[in-house]
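Proteins come first, then strands; the chains are lettered A, B, ... in the order of their sequence lines, and each starts at number 1.
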Amino acid sequence: MNRMTDKMLRWYARHARALPWRAPPGQRPDPYHVWLSEIMLQQTTVATVRKRFDDFVRRWPTLRALAEAPREEVLAAWAGLGYYARARNLHKCAREVTRTLNGQFPQTPRELKKLPGIGDYTAGAIAAIAFNHPAVAMDTNAERVIARLFAVTEPLPECKETLRRHAEELLPKDTPGDFAQALMDLGAIICTPRDPACALCPLMEDCKASKQGLAEDLPRKRRKPPKPRRTGRAFWIERADGRVLLRRRPEKGMLGAMVEIPSTDWDGAPPPFSGETPFRLEFERLRPHVRHTFTHFHLKLALHRLPEPLPIDRARLLPLPPGWFWHPLDKLDTVGLPTVMKKAANLLRGPR
DNA sequence: AACACGGGGTT
DNA sequence: AACCCAGTGTT
């Protein structure tokens with residue numbers, strides 16, 4: 001076993017974080033738990049996932065239970081976690097594994113990668129952690145730790161292959177799961193993006209970047225372009241019996257397949273207020289806007305609502321397009337609004 | 001290789 | 001405001 005690997009594993013044995021999806025020492029974790037946690041953890045912090053993982057497992061204790069759940073319920077349970085393609089793929093993957101693989105996840109990265117929502121990293125992580133298959137799991141933690149250990153100064157993403165080769169040199173064939181998680185915990189606790197705790201690092205004397213005073217500068221990354229600003233309008237249409245008009249978004253694109261308050265497109269320039277309001281109804285404008293930042297743009301959402309709830313008999317005359325529905329206001333929290341829509345609803349349902 | 005795709009936390 | 005986070009899928 002490589003000297004650095006040995007130090008890493010010894011450190012991990014003493015400092016591993018206790019996390020809900022990890023098995024007690026000496027036990028094999030449930031592949032369903034490993035898979036679910038890895039999907040949730042894609043671009044999402046441990047603190048956020050901690051709160052949601054238990055909810056999911058309580059509600060759907062097995063892969064089969066998740067596969068048999070209605071898709072809307074899974075999407076609603078995912079609301080607020082972001083990157084909603086993950087939720088669509090999660091449900092699709094659960095059904096594929098249950099139906100065509102007899103409920104058993106494949107054990108190799110090559111086969112795992114064929115499943116929806118499982119890419120290079122997640123395939124390696126599941127194979128290593130759940131099945132002890134000798135694979136590396138290159139996430140940003142692993143990339144950072146390896147880039148520093150070997151002082152890789154070439155920027156990401158060009159150096160990805162170099163980093164992977166270095167990681168594979170260190171990979172212990174007998175305990176790949178511990179290695180993957182040791183790399184992650186080291187990256188999360190010691191080898192942090194900013195102000196790494198090199199003095200506490202078990203690999204300090206092996207780390208080329210630390211010796212050169214380069215640790216905090218690695219890995220190098222290219223700067224991201226600034227986010228453009230967009231605007232839109234949301235329309236709150238309440239009915240006299242305490243329901244509000246919602247709709248499901250298209251399958252693909254932003255917030256795909258999620259529920260929203262009827263809104264205009266989010267362009268740079270919203271249409272005039274008196275223009276295309278739903279059903280040509282007359283709306284009042286709320287003072288506060290909703291500001292929300294997505295991955296690649298800032299959104300400023302103007303909020304509109306009817307002066308009075310719509311009488312039932314008038315509401316019945318509205319020609320509801322496919323995907324639109326009246327939803328009880330007292331059950332708004334169970335419908336699964338994405339965060340931007342939750343912010344809007346919280347303002348719209350309150351007083352002016 | 002570049003881009004689309006959320007949200008919350010830190011600095 | 002910029003950066004970060006247990007990335008994947010599409011083009």
### Task
For nucleotides C/dT8 and B/dG9, find the distance between their C1' atoms and express it as a whole number of Å.
23 Å
### Query
Taking CG from A/Asp217 and C1' from C/dC3, how many angstroms apart are they, rounded to a whole number?
15 Å
#### Entry: A/Arg144 (side chain) donor-acceptor with A/Gly187 (main chain) under 3.5 angstrom
yes
### Message
Atom CD of residue position A/Glu308 - does it have more than 12 heavy atoms of other residues, nucleotides or ligands inside 6.0 Å?
### Response
no
Under 3.5 Å, sequence neighbours excluded: what are the donor-acceptor pairs made by side chains of residues 333-345 of chain A?
unit_1, atom_1, unit_2, atom_2, d
A/Thr334, OG1, A/Lys331, O, 2.9
A/Lys343, NZ, A/Arg291, O, 3.1
A/Lys343, NZ, A/His292, ND1, 2.9

### Query
Can you pull the contact range of chain A along DNA chain B, 5' to 3', using atoms under 4.0 angstrom from its heavy atoms?
B/dA4 to B/dT11
### Task
Determine the Euclidean distance between corresponding P atoms of B/dT11 and C/dA6; express it in Å to zero decimal places.
14 Å
### Query
Nearest nucleotide by nearest heavy atom, which residue falls closer to the 5' end of DNA chain C, A/His298 or A/Pro219?
A/His298
### Task
Quick one: label A/Arg22 by what it contacts on the DNA or RNA (base, sugar-phosphate, nothing), any heavy atom closer than 4.0 Å.
base
### Any residue of residues 183-192 of chain A with a heavy atom less than 4.0 Å from an atom of DNA chain B
none
### Task
Indicate yes or no: does A/Asp120 engage A/Lys160 in a salt bridge with an N to O separation below 4.0 Å.
no
Give the table of side-chain donor-acceptor pairs shorter than 3.5 Å for residues 56-69 of chain A, with sequence neighbours excluded, one pair per line with atom names and distance.
unit_1, atom_1, unit_2, atom_2, d
A/Arg58, NH2, A/Asp55, OD1, 3.0
A/Arg59, NH2, A/Glu73, OE1, 3.2
A/Thr62, OG1, A/Ala65, N, 3.0
A/Arg64, NH1, A/Glu68, OE2, 3.4

Could you go over nucleotides 9-11 of chain C and give all protein N or O partners under 3.5 Å, atom names and distances?
unit_1, atom_1, unit_2, atom_2, d
C/dG9, OP1, A/Gly117, N, 2.4

### Stepwise side-chain hydrogen bond (donor to acceptor under 3.5 Å, both in side chains) check, A/Thr44 with A/Arg86
CA-CA 11 Å; A/Thr44 307; A/Arg86 291 187 295 170; 3.1 Å; yes
### Task
Calculate the interatomic distance between A/Arg86 atom CZ and C/dT8 atom C1'; express it in whole Å.
10 Å
### Message
Categorize A/Gly256 for me: base, sugar-phosphate, or nothing, with a 4.0 angstrom heavy-atom threshold over every strand shown.
### Response
nothing
### Query
A/Pro338 near the nucleic acid: base, sugar-phosphate alone, or nothing, with a heavy-atom cut-off under 4.0 Å?
sugar-phosphate
### Query
A/Trp21 near the nucleic acid: base, sugar-phosphate alone, or nothing, with a heavy-atom cut-off under 4.0 Å?
base
### Summary
The answer to which of A/Thr339 and A/Pro157 contacts DNA chain B further toward the 5' end, by nearest nucleotide, is A/Pro157
### Query
Under 4.0 Å between a Lys/Arg side-chain N and an Asp/Glu carboxylate O for A/Arg3 and A/Glu205?
no
### Any N/O donor-acceptor pair, A/Arg229 side-chain to C/dA1 base, under 3.5 Å
no
### Task
Would you mind reading off the distance between A/Leu90 atom CG and C/dT8 atom P, rounded to a whole angstrom?
14 Å
### Task
Enumerate the residues from residues 29-54 of chain A whose closest heavy atom to DNA chain B is under 4.0 Å, giving them by residue number; use none for an empty result.
A/Gln43, A/Thr44
### Message
Using the P atom as the point on both nucleotides, what is the distance between B/dC5 and C/dC5, in whole Å?
### Response
22 Å
### Task
Name the nucleic acid region contacted by A/Phe294, choosing base, sugar-phosphate or nothing; use a 4.0 angstrom heavy-atom cut-off, strictly under.
sugar-phosphate
### Atom pair distance, as rounded to whole Å: CD in A/Glu216 and C1' in C/dC3
12 Å
### Message
Taking the P atom in each of B/dG6 and C/dT11, what is the distance between them to the nearest angstrom?
### Response
16 Å
### Task
For A/Tyr83 and C/dT8, give me the distance from atom OH to atom P, rounded to whole Å.
12 Å
### Task
Using whole Å, report how far CZ of A/Arg164 lies from P of C/dG7.
14 Å
